[in-house]
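For reference, the structure is listed below as structure tokens.
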Amino acid sequence: MTKFTDLALGPKILKAVEEAGYETPTPIQAGAIPPALEGRDVLGIAQTGTGKTASFTLPMIHMLARGRARARMPRSLVLCPTRELAAQVAENFDTYSKNVKLTKALLIGGVSFKEQDQLIDRGVDVLIATPGRLLDHFERGKLLLTGVQVMVVDEADRMLDMGFIPDIERIFSLTPFTRQTLFFSATMAPEIERITNTFLSNPVRIEVARQATASETIAQEVVMTKTARGEKGAREKRAILRGVIEREGEKMTNGIVFCNRKVDVDIVAKSLKKYGFDAAPIHGDLDQSQRTRTLDQFRDGGLKILVASDVAARGLDIPSVSHVFNYDVPTHSEDYVHRIGRTGRAGRDGKAVMICAPSDEKLLDAIEKLIDKAIPRADAPEVQLDDKPQRGRRKKDDEGSDEGESRGRGRGRRRKDEAKAEEIVEATNENAAPAEAEAEVASEPAEARSDKDNTRGGRGRRGGRGGNDDRGGNKVVGMGDHMPSFIAKSFEERKAG
Ligand code: AMP
């Protein structure tokens, strides 16, 4: 088996790879690095999780180690469909170029033009960008692409989904035709094939197995709803979602809930939060710092449930997710494969539960055809559609000294909040736009703010009131006869601990 040391990478890069803990290249790396180092064009058919990012960053760092950047003329360019993916690529560059001197700039939405301009003005070796933002800079006359020696297109199939192909073609045409191109896509749609035929020169084609379809470690199930559409249907789905999450119990260490529409991402996250689940949304309308913070929290285990759209989640490297919940049946069958591929990674067990309304059965059929197997039907959990809160999970952050306060005073308030949340939720459930179109939309501060408030609110509020009556096994006071069983339960557990 090939080792990294068998590849013709410079010693400083090999050292960084070793320090990152890698000894053996993945198949896409073993296939792509040697021809890339020889200056050949590469067509890599591989998806996230295969190690594809290092398969282009490593040879690029090697090649860029010689020579110097000139003002406003980046020497290489990496195009990514989403900000998160671009940020991840930038992280890869940081990891593997730590022993060599390399300058880079990240051109993504949500970051100020001024800062980015300053970097470009000084000259960068690597420019990592989303296509729209790159063209914005170009059109402002701040950027010349005639010095690009290596150009990478990452996740081309997602670029296609998001309507970026004309931008990509334009960017190709702005770079010298003598450039080297490293082109990656998970699938080869006819349009992608056309682009590669037009812009790649005699590429070496490397195809690696689609990891998600091959993964047998993911247990899949579908839960059918009764109501097709409308408000009632949405309420039923949210209640079922809570039920299925609850049903997984402790087996669920963390999970991603996927929604088709970004408006639902917010609604579902809000609803889960109001019902005491530790959940936060991620989609293209949240500002960059908010998205980064949420993701970091999720990666570090400080957030249990991430509610996401396909675009926002695409390409994110989150190593261990125990569960994926499909709040909606994805409209593109392939997205199902991507979504469930978030769990059961690297041989771990994972579980994927999908909620399917009667009106979505056609989409479900298409998925089953694609994956060539029937997804087992599971019973729907019993749900109450009056949306009365049923359980009292609290965020980890809320545990501890302020527990008594949240239990005592918090209860009534929480009920009210929950009822209100559902109102908000219903009210916002209009004008839904497909999540696919969201990648480069402007940030929406109000939304980010409201989410921030939500993340911090519980803790601040309770802490602020000095809730500290969890000392010495106090009896629960003031609950009356109607204390829900979960409150007693959590109290007992905590006392024991
Ligand atoms: P990617 O497909 O580029 O998103 O990479 C997926 C994950 O694989 C990342 O967490 C990488 O750090 C990791 N990775 C990259 N190269 C290797 C390697 N040679 N061996 C093991 N893991 C790797």
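One-based numbering, in listed order, for ligands and for the atoms of each. As the structure is a prediction and not an experimental result, all values here were calculated from the model.
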Checklist entry - Cation-pi between R242 and F277: NZ/CZ under 6.0 Å from ring centre and within 45° of the ring axis? => result no
Checklist entry - Any idea which part of Q88 is under 4.0 Å from ligand 1, heavy-atom wise: side chain, backbone, both or neither? => result neither
Next on the checklist: One pair to check against side-chain hydrogen bond (donor to acceptor under 3.5 Å, both in side chains): H283 and D266. What are the steps and the verdict?
Outcome noted: CA-CA 8 Å; H283 60 69; D266 268 332; 3.0 Å; yes
Checklist entry - With atoms numbered from 1 as shown, which atoms in ligand 1 lie under 4.0 angstrom from a non-hydrogen atom of T24? => result 18 (C), 19 (N), 20 (N)
Item to check | Atom indices of ligand 1 within 4.0 angstrom of K52 heavy atoms, with elements | outcome: 1 (P), 2 (O), 3 (O)
Next on the checklist: Among residues at least two apart in sequence or on other chains, which ones pass ring pair (Phe, Tyr, Trp, His ring centres under 6.0 Å) with Y22?
Outcome noted: none
Item to check | Centroid-centroid under 6.0 Å between F258 and Y327 rings | outcome: no
Item to check | Best match, T53, T26, N92, L58: closest heavy atom to atom 1 (P) of ligand 1 | outcome: T53
Item to check | Interfacing atoms of ligand 1 (cut-off 4.0 Å, heavy-atom, F4) | outcome: 19 (N)
Item to check | With Y336, the side-chain contact (heavy atoms from CB on, under 4.5 Å) member among L370, L364, N326 | outcome: N326
Item to check | Sub-4.0 Å atoms of ligand 1 with respect to non-hydrogen atoms of T50 | outcome: 2 (O)
